[in-house]
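Starting from 1, each residue takes its place in the sequence as its number. Side chains are part of it too, since the values below use all heavy atoms of this structure and drop only hydrogens, waters and symmetry mates.
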Amino acid sequence: MSGNNVSHAKNRTRRRFLPNLQDVSLRSDVLGRTFKFRISSAALRTVDHRGGLDAFMAKAKDAELSAAALKVKKEITKATA
């Protein structure tokens with residue numbers, strides 16, 4: 001997204017709103033190992049809300065995941081089946 005920085009004198013300059021990305025290691029209980037991801041803090045809250053990486057990957061749509069996350073999702077679904 002983009003917007004304006006507005007000073008006290010109402011001068012407007014363009015600015016960008018960037019996502020809050022974090023490097024995190026998430027553990028899969030099914031596979032018994034950790035995976036490193038670069039995800040937003042909102043996505044990290046969603047992972048916690050859904051009950052961990054395995055539950056998050058089970059509900060996540062393939063179109064919303066990166067290529068690396070799709071590989072992890074495929075490994076998890078194969079291990080649970």
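Side chain of Asp54 to backbone of Ser28: no donor-acceptor contact under 3.5 angstrom is found.
For Leu65, the side-chain contact (heavy atoms from CB on, under 4.5 Å) criterion is met by Phe56, Met57, Ala60, Ala69, Leu70, Lys73, not counting sequence neighbours. In this structure, the side chain to side chain donor-acceptor pair (under 3.5 Å) partners of Arg33, at least two apart in sequence or on a different chain, are Glu75. Under the side chain to side chain donor-acceptor pair (under 3.5 Å) criterion, Asn11 pairs with no residue, sequence neighbours left out. Residues that satisfy the side chain to side chain donor-acceptor pair (under 3.5 Å) test with Arg50, not counting sequence neighbours, are absent from this structure. For Asp23, the side-chain contact (heavy atoms from CB on, under 4.5 Å) test picks out Arg38, with sequence neighbours left out. For Arg16, the side chain to side chain donor-acceptor pair (under 3.5 Å) criterion is met by no residue, not counting sequence neighbours.
Separation of atoms CD (Gln22) and CG (Leu44) is listed at 8.0 Å; rounding is to 0.5 Å. One distance of note links OG of Ser40 with CG of Leu18; it measures 12.5 Å at 0.5 Å rounding. Atoms OG and CG, from Ser41 and Asn20 in turn, are 4.0 Å apart once rounded to the nearest 0.5 Å. Atoms CG and CD1, on Asp29 and Ile76 in that order, are 9.5 Å from each other to the nearest 0.5 Å.
Side chains of Val72 and Phe35 form a contact here, defined as non-hydrogen atoms less than 4.5 Å apart. Proximity of Asn4 to Arg14: side-chain heavy atoms (C-beta onward) are separated by under 4.5 Å at one or more points. Two residues are said to be in side-chain contact when any heavy atoms from C-beta on lie closer than 4.5 Å; Ile39 and Val24 meet this criterion.
Across all their heavy atoms, Leu53 and Val47 have their closest contact at N-CG1, 3.9 Å.
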